[in-house]
Amino acid sequence: MSLTGVLALAGPGGAKEETADIVNIINFIRGVEPRTQMDLVEPVREQLALGKKHRLPTTWLIQYDALIKPEFTDLLKREMNAGDEIGAWLEVVQPQVEAAGLKWRGRFPWDWHTDVGFTQGYAVKDRIKLLDLYMEKFQEVFGKLPESVGCWILDAPTLNHLRDEYGIIAACNCKDQSGTDGYTLWGGYWNQAYYPSRLNAYMPAQTKARQLDVPVFRMLGSDPVHQYDHGIGTTWQGVVTLEPVYRPGGGDPSWVDWFFNTNFNRPSLGFSYMQAGQENSFGWPAMSAGLIDQYAKLAALRDEGKIRVETLAASGQWFASKYETTPATAVVAMEDAAEEANRSIWYESRFYRVNFSWERDRWRIRDLHRFNENYEERYLHRRVEGPTAIYDTLPVLDGFHWSRQGELAGIRAVVHEKGESRPLLTKGEPRVEETSPESLAITCNLAAGGVLRVTCEPTRLHLQLTGDAAPADWGLELGWADGVKIPVTRVGRHGIDFRHEGFSYSLDCGSSGVSRAKDANRISIGSTRGSVEFDFASGSSGS
């Protein structure tokens with residue numbers, strides 16, 4: 001029987017219709033934890049028992065140092081459920097490096113610094129050696145090759161090789177984060193999954209010609225309201241995710257209830273997705289209460305037919321059978337786990353991502369990034385030279401890095417009166433609807449009268465004011481904190497040009513007039529016939 005497994009939605013009441021609310025339980029296994037003494041086998045044994053108790057398929061991603069230890073591999077062979085799968089966790093460790101004939105440069109047998117503990121820390125030819133060695137050992141131990149792989153950060157040469165030579169069908173990488181654990185992934189396809197560019201494992205491809213046909217799923221289950229701003233004004237972000245060791249987050253049962261409700265009961269377009277589970281190096285005492293709570297809740301939702309719990313490889317097979325290119329998806333949070341008046345809506349396609357954020361009646365576009373398959377990752381041809389690494393896309397508005405405490409960057413709607421501009425406030429809860437398989441509409445009543453309607457489509461973002469009471473002289477302002485250097489190179493009549501890491505791109509504002517405001521940190525985008533439109537199908541050839 002294949003290690004790829006899907007849990008049928010058959011509960012006590014019989015067969016259920018397939019749902020597009022997908023959960024992967026991914027527990028990955030390290031063979032050593034140099035920072036403290038702990039039992040690394042106990043979490044795996046307890047997670048196996050939990051999965052068996054609740055009949056929940058699990059993906060086990062095993063690091064090389066655990067792959068060569070029978071205490072882990074024999075346990076998996078003996079206790080793993082029939083619907084589970086074993087895949088590869090691709091962090092690099094000392095025995096792997098030395099078995100490949102290379103020199104280990106780490107401080108410990110497993111070192112989380114990116115120049116030694118990740119494939120990016122090695123020349124491309126040496127990455128291939130490390131991967132081939134891993135696959136040979138995996139085949140020797142389990143009698144087959146893995147179908148799925150994961151790592152906090154994945155590089156294009158690694159994914160390309162694993163697809164072309166070994167036929168992997170699914171991958172997973174870390175959520176968006178800035179500076180956490182020494183690496184930054186920022187501006188990517190925010191949740192769910194995407195097909196990457198063969199030139200950049202973090203960048204969604206726009207065309208089949210440049211696309212790697214391995215869907216990459218985003219891990220950890222980020223709080224869609226609070227994770228983004230966590231740590232503004234510092235050099236790294238905190239963590240607000242489904243991981244059971246964190247509070248607020250997956251260790252708080254009330255937060256978990258809110259997170260499940262947000263993901264499974266809101267418009268999500270193509271499908272909703274979350275990753276549960278925990279790596280063994282946190283230890284069983286730290287994760288046990290949160291995992292026990294989450295497994296029970298996931299089993300109950302499964303039995304009600306509300307979610308599909310399956311392996312990572314099964315999700316990869318499903319994604320490839322349904323989508324030729326990266327679909328549009330959304331995450332809609334109309335409530336706040338902290339019970340404050342905050343809301344957040346994420347929309348993403350293979351061309352861009354955007355986030356709308358509310359603090360009571362004040363709203364802004366908090367994030368807007370373009371995607372371009374020709375933007376090469378930094379480690380396509382060279383290795384990481386230090387303990388940190390950066391993967392990113394093309395910022396049009398970066399609400400985290402362009403902000404300071406008390407001075408938040410954003411694109412805001414404003415009304416022009418007597419040479420001044422004031423915020424265009426909303427009132428009440430926004431209404432969100434799926435208007436097509438890839439389009440999302442957001443409708444808000446305005447405090448001053450009239451209605452704001454935002455339409456998110458794969459290549460277009462359209463904002464329009466309607467109603468007799470709606471102000472006629474309105475527009476958008478792109479603003480950032482004083483002293484922050486942003487990648488704008490030119491403000492044209494109807495667009496903005498950018499250059500990021502040597503790559504040129506632009507924001508096409510249609511017929512709207514665009515001008516640099518008197519203040520150095522504001523750009524005005526006027527409305528035309530009551531609307532503003534951004535076009536993402538053009539202006540991103542790159543250089």
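By convention here, the first residue in the shown sequence is residue 1.
Annotation: Lys53, atom NZ; neighbour count of heavy atoms from other residues, nucleotides and ligands within 6.0 Å does not exceed 12. The number of heavy atoms from other shown groups lying within 6.0 Å of CZ (Arg362) does not exceed 12. In the displayed structure, Glu340 atom CD is contacted under 6.0 Å by more than 12 heavy atoms of other residues, nucleotides or ligands.
Remark: Cys456 SG to Ile442 CD1 distance equals 4.5 Å, nearest 0.5 Å. Rounded to the nearest 0.5 angstrom, Leu301 CG and Lys306 NZ are separated by 6.5 Å. Note: Ile86 CD1 to Thr58 OG1 = 11.5 Å, rounded to the nearest 0.5 Å.
In this structure, Arg308 satisfies the cation-pi test against Trp318, with its NZ or CZ atom closer than 6.0 Å to the six-membered ring centre and inside 45 degrees of the ring normal.
Between the side chains of Glu91 and Trp89, at least one donor N or O sits under 3.5 Å from an acceptor N or O. The closest side-chain donor-acceptor pair between Thr241 and Glu243 falls under 3.5 angstrom. Under 3.5 Å, the side chains of Asn355 and Ser344 contain a donor-acceptor pair of N or O atoms. A side-chain donor from one of Trp186 and Asp398 sits under 3.5 Å from a side-chain acceptor of the other. There is a side-chain donor-acceptor pair under 3.5 Å between Ser272 and Asp21. For the residue pair Tyr228 and Asp223, no side-chain donor N or O sits within less than 3.5 Å of a side-chain acceptor on the partner. Checking Asn265 against Asn261 by side-chain atom types alone, a donor-acceptor pair falls below 3.5 Å. Counting only N and O atoms by type, the side chains of Asp361 and Thr426 include no donor and acceptor under 3.5 Å apart. Donor-acceptor pairing under 3.5 Å is recorded for the side chains of Glu377 and Tyr391.
Under a 4.0 Å N-O distance rule, the pair Glu433/Arg453 qualifies as a salt bridge. A salt bridge between Lys69 and Asp65 is absent, with no side-chain N of the basic residue lying under 4.0 Å from a carboxylate O of the acidic one. Using a 4.0 Å cut-off between a side-chain N of Lys or Arg and a carboxylate O of Asp or Glu, Glu533 and Arg460 qualify as a salt bridge. Ion pairing between Arg55 and Asp303 holds under the 4.0 Å rule for side-chain N and carboxylate O. A salt bridge does not link Arg343 to Asp336: none of the charged side-chain nitrogens sits closer than 4.0 Å to a carboxylate oxygen. Under a 4.0 Å N-O distance rule, the pair Arg266/Glu335 qualifies as a salt bridge. A salt bridge is absent between Asp213 and Arg198: the closest approach of a Lys/Arg side-chain nitrogen to an acidic carboxylate oxygen does not fall below 4.0 angstrom.
The aromatic rings of Phe264 and Phe260 lie tilted to each other, with the angle between the two planes from 30° to 60°. Aromatic ring pairs are classed by plane angle as parallel below 30°, tilted from 30° to 60° and perpendicular above 60°; the pair Phe536 and Phe534 is perpendicular. Phe118 and Tyr183 have perpendicular rings, their planes meeting at more than 60° on a 0 to 90° scale where under 30° would count as parallel. Using the six-membered ring where Trp is involved, Tyr195 and Phe319 have ring planes that are perpendicular, over 60° apart on the 30 and 60° scheme.
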- Message: Using the rule given for side chain to side chain donor-acceptor pair (under 3.5 Å), can you reason through Asp155 versus Thr158, listing the C-alpha separation, both sets of side-chain angles and the distance that settles it, and then say yes or no?
- Response: CA-CA 6 Å; Asp155 63 279; Thr158 289; 2.8 Å; yes
- Take Thr443 and Arg431 through the side chain to side chain donor-acceptor pair (under 3.5 Å) test and state the conclusion after the steps. CA-CA 5 Å; Thr443 307; Arg431 299 175 297 282; 4.9 Å; no
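Put simply, the side chain of Glu373 gets close to the backbone of Thr207: a donor and an acceptor are under 3.5 Å apart. Using a distance-only test at 3.5 Å, with no hydrogens or angles considered, a donor-acceptor pair links the side chain of Asn263 to the main chain of Phe259. Judged purely by atom type and a 3.5 angstrom limit, Glu434 uses its side chain to pair as donor or acceptor with the backbone of Ser268. The main-chain N or O of Thr329 is never found under 3.5 Å from a side-chain atom of Gln192 such that the two would form a donor-acceptor pair. Here the side chain of Gln206 pairs no donor or acceptor atom with the backbone of Ala537 at under 3.5 angstrom. Of the possible polar contacts, none joining the Gln464 side chain to the Ser531 backbone as a donor-acceptor pair under 3.5 Å is found. Without hydrogens or angle criteria, Asn280 side chain to Val44 main chain gives no donor-acceptor distance under 3.5 Å. Looking at Trp346, its side chain does come within 3.5 Å of a backbone N or O of Pro224 through a donor-acceptor pair.
When side chains are defined from C-beta on, Arg364 does not count as touching Ile411, because their heavy atoms never get closer than 4.5 Å.
Among residues two or more places apart in sequence or in another chain, the side chain to side chain contact (heavy atoms under 4.5 Å, CB included) test is passed with Ile68 by Tyr64, Pro95, Lys137. Under the side chain to side chain contact (heavy atoms under 4.5 Å, CB included) criterion, Thr180 pairs with Gln177, Gln237, Val239, sequence neighbours left out.
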